[in-house]
Amino acid sequence: MIIVLKPSATPEQVTNFTDMLKTDYDVRVNRWDGIHSTVLGLIGDTTQIDIEYIDAQDIVESVKRVQEPYKKANRKFHPENTAIKINDEVTIGDGSLNIIAGPCSVESEEQIVGIANNVKKSGATLLRGGAFKPRTSPYAFQGLKAEGLDLLKAARKQTGLPIVTEIMRVSHIDMFENVDIIQVGARNMQNFELLKELGKIDKPILLKRGLSATIEEWLMSAEYIMAGGNNKVILCERGIRTYENFTRNTLDISAIPIVKKLSHLPVVVDPSHASGKSWLVEPLAMASVAAGADGLIIEVHNDPPHALSDGAQSLTPAQFDVVAKKAFELKKALK
């Protein structure tokens, strides 16, 4: 249930009203103070609450029941967009366009530092790179693991770019203490034990949509993290599995405005994994920006033909420079 209070409600009235709801109806009350009004989200068994009685209270502007199972991620509970601050210079969800760029896998210090310097010059605001790599084949390159994390930190030290990298299991959380954004990959979107533990830490989580997940399932995975107390969730559309096999996945452009309507969380798009083809990255990136994405995550490699993973979908630094400039120009034009 959602209760919107009148702008004239005093802090004392709001507190007394909230205490009454908790005591009389045994529900948990989440409160969001917006610019123009205060919104109360009631979580629990609200079937016994008389909507007409609540609506008749002097400080209540409106009240309605919520059908969606996700509460904390729901825009009805949190009408204003959530902006997640990464550092003093980078905020995702504030209306700006952020580009996360870097190789699929960290391969060496020379490679990751060189790419980091290149993408930063082109306007990237965050550096991505896989240290732990979930691969379909057990014989494929699995990443440098802890060494890869150290190399990402070395690249951050030289460039100042915050780092984004994927976590695989609960036991690795302590290793990610100095990672700026922890990525949950598509294969782990419904690893609920991992999501619960990530809900206990105070760090931004980039949650990729599962290979065949519905939008509601995706938002429910975000809910798992937020239910634990961590509201710093960034959603990432990376394509879903369909009957079409020309591309690696099918990018669901419609998911961007849909999620923006349903949720207050920021949305970034991964055109690299969606297409699996480097020549498709630019048009899909432009479409994503036009559809309202808060950011892009693009794979960039200094030598794609010899990349240890996902070379076919990786851009060279020169190609990335072209795409980044066009994306920023489009974002500016849309404003």
Side-chain angles (χ1 to χ4, degrees), residues 84-92 98-135 140-185 188 194 198 201-208 232 234 236 268 270 272-273 278 295-311 313-321 323-324:
I84 299 174
K85 192 171 184 178
I86 311 303
N87 58 22
D88 292 336
E89 298 178 359
V90 180
T91 301
I92 299 177
N98 284 278
I99 301 183
I100 307 166
C104 177
S105 297
V106 179
E107 298 172 8
S108 68
E109 182 171 1
E110 180 182 9
Q111 173 236 24
I112 189 64
V113 172
I115 293 173
N117 279 306
N118 283 323
V119 298
K120 182 178 181 179
K121 290 176 183 176
S122 298
T125 49
L126 300 104
L127 173 67
R128 62 145 293 147
F132 295 86
K133 293 301 301 176
R135 305 299 298 278
F141 178 62
Q142 305 290 314
L144 296 178
K145 301 179 172 58
E147 180 187 354
L149 291 177
D150 290 338
L151 295 180
L152 280 168
K153 294 170 190 174
R156 177 179 60 191
K157 185 176 181 180
Q158 291 202 34
T159 63
L161 290 176
I163 55 177
V164 183
T165 193
E166 182 173 353
I167 194 168
M168 296 285 290
R169 53 198 297 184
V170 172
S171 60
H172 289 169
I173 289 179
D174 288 344
M175 298 172 62
F176 283 67
E177 182 179 358
N178 292 317
V179 171
D180 299 290
I181 299 179
I182 297 178
Q183 174 183 312
V184 175
N188 272 317
L194 175 60
L198 293 175
I201 65 176
D202 183 24
K203 189 179 292 292
I205 308 298
L206 179 71
L207 179 65
K208 285 199 163 187
K232 299 177 181 178
I234 304 162
C236 179
V268 303
D270 181 348
S272 301
H273 278 90
S278 60
L296 301 168
I297 177 167
I298 297 176
E299 292 193 352
V300 181
H301 196 283
N302 56 308
D303 186 12
H306 296 98
L308 296 182
S309 60
D310 289 350
Q313 65 195 35
S314 298
L315 302 183
T316 64
Q319 291 170 328
F320 172 74
D321 185 68
V323 174

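None of these values were measured; they are calculated from a predicted model.
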**Message:** Looking at E166 and R128, is there a salt bridge between them, counting it only when a charged N and a carboxylate O are closer than 4.0 Å?
**Reply:**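 No, R128 and E166 are not salt-bridged.
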Sidechain-backbone polar pair: [X] side chain, [Y] backbone, donor-acceptor under 3.5 Å:
{"X": "K232", "Y": "I84", "result": "no"}
{"X": "D321", "Y": "P317", "result": "no"}
{"X": "K203", "Y": "E177", "result": "yes"}
{"X": "S105", "Y": "L308", "result": "no"}
{"X": "N117", "Y": "T159", "result": "no"}

**Test side chain to side chain contact (heavy atoms under 4.5 Å, CB included) applied to K121 - qualifying residues, sequence neighbours left out** =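 Scan of K121 (side chain to side chain contact (heavy atoms under 4.5 Å, CB included), adjacent residues dropped) gives none.
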Considering all heavy atoms, the nearest [X]-[Y] contact:
{"X": "G130", "Y": "T165", "value": "CA-OG1, 3.9 Å"}
{"X": "N87", "Y": "P162", "value": "ND2-CG, 3.2 Å"}
{"X": "S272", "Y": "I298", "value": "OG-CA, 3.6 Å"}
{"X": "M168", "Y": "F132", "value": "CG-CB, 3.5 Å"}
{"X": "I163", "Y": "L152", "value": "CG2-O, 3.6 Å"}
{"X": "S108", "Y": "L151", "value": "C-CD1, 3.7 Å"}

Which value, rounded to the nearest 0.5 Å, describes the distance between [X] atom [atom1] and [Y] atom [atom2]?
{"X": "I100", "Y": "Q183", "atom1": "CD1", "atom2": "CD", "value": "8.0 Å"}
{"X": "L206", "Y": "I297", "atom1": "CG", "atom2": "CD1", "value": "5.5 Å"}
{"X": "N98", "Y": "T125", "atom1": "CG", "atom2": "OG1", "value": "3.5 Å"}
{"X": "T316", "Y": "D303", "atom1": "OG1", "atom2": "CG", "value": "10.0 Å"}
{"X": "I205", "Y": "C236", "atom1": "CD1", "atom2": "SG", "value": "13.5 Å"}
{"X": "Q111", "Y": "H306", "atom1": "CD", "atom2": "NE2", "value": "14.0 Å"}

Could you tell me whether the side chain of [Y] reaches within less than 4.5 Å of the side chain of [X], counting heavy atoms only?
{"X": "I201", "Y": "I182", "answer": "yes"}
{"X": "V119", "Y": "L161", "answer": "yes"}
{"X": "L315", "Y": "V323", "answer": "yes"}

**Message:** Go through it in stages, so that I can follow the logic: the residues are E107 and H301, the test is side-chain contact (heavy atoms from CB on, under 4.5 Å), and I'd like the CA-CA distance, side-chain angles, deciding distance and then a yes or no.
**Reply:** CA-CA 10 Å; E107 298 172 8; H301 196 283; 3.0 Å; yes
**Prompt:** Is it true that atom CD of Q319 has more than 12 heavy atoms of other residues, nucleotides or ligands lying nearer than 6.0 Å?
**Reply:**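 Yes, because the 6.0 Å sphere around CD of Q319 holds more than 12 heavy atoms from other groups.
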**Request:** Step by step, work out the side-chain contact (heavy atoms from CB on, under 4.5 Å) result for F320 and I99.
**Result:** CA-CA 10 Å; F320 172 74; I99 301 183; 3.7 Å; yes
**Item:** CA sep, side-chain torsions, deciding dist, call: D180, L126, side-chain contact (heavy atoms from CB on, under 4.5 Å)
**Value:** CA-CA 9 Å; D180 299 290; L126 300 104; 5.8 Å; no
**Request:** Could you walk me through whether L207 and L198 pass side-chain contact (heavy atoms from CB on, under 4.5 Å), step by step?
**Result:** CA-CA 11 Å; L207 179 65; L198 293 175; over 6 Å; no
